[in-house]
Amino acid sequence: MQSKNAFVLVEREDIEALKKNQQLILERLDKITPPSRSFSEVQSPYITAGEFMKAVRIRRWKFNCLVGSGKIMTIKKKRKIYVPKGEVERYFEQVSE
């Protein structure tokens with residue numbers, strides 16, 4: 001297989017215009033600031049059931065008992081169970097009584 005060389009003549013002004021445009025693009029990219037907070041940094045007032053169980057060191061069976069007896073409040077969204085963050089503190093207050 002033979003390689004074929006191709007030569008293209010480009011005027012100096014065109015090359016300088018390309019360089020200038022590339023420099024302008026780089027300068028504008030440098031000016032772009034990242035968003036103030038990423039999605040993962042958004043503070044939600046809710047935690048997942050798993051996070052609640054880990055925070056209070058209980059298993060699923062005890063969690064289900066607490067939910068069934070009304071000792072902790074939960075919110076079900078589709079198939080996911082959420083617990084308000086304040087329920088962790090309230091759980092410990094109830095246990096100590």
For [X] and [Y], work out which heavy atoms get closest and say how close.
X: I72; Y: F63; value: CD1-CE1, 3.4 Å
X: K77; Y: Y82; value: CB-CE1, 3.9 Å
X: R60; Y: A49; value: NH1-CB, 3.8 Å

I need the [X] [atom1] to [Y] [atom2] distance, nearest 0.5 Å.
X: K85; Y: S44; atom1: NZ; atom2: OG; answer: 6.0 Å
X: T48; Y: K54; atom1: OG1; atom2: NZ; answer: 8.5 Å
X: R28; Y: Q23; atom1: CZ; atom2: CD; answer: 12.0 Å
X: N64; Y: I81; atom1: CG; atom2: CD1; answer: 7.0 Å
X: L66; Y: M53; atom1: CG; atom2: CE; answer: 11.0 Å
X: E89; Y: E93; atom1: CD; atom2: CD; answer: 7.0 Å

Backbone N/O of L26 and side chain of K31: donor-acceptor pair under 3.5 Å =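 Such a contact is absent between K31 side chain and L26 backbone.
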Are I25 and I32 linked, directly or through other ILVMFWY residues, by side chains that come within less than 4.5 angstrom of each other?
-> yes
Test item: Y91 and I58 side chains (from C-beta on) under 4.5 Å apart, heavy atoms |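 They are in side-chain contact.
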Do V88 and V83 have side-chain heavy atoms sitting under 4.5 Å apart?
->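 No, side chains not in contact.
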Is R90 paired with E87 through a side-chain N to carboxylate O contact shorter than 4.0 Å?
-> yes
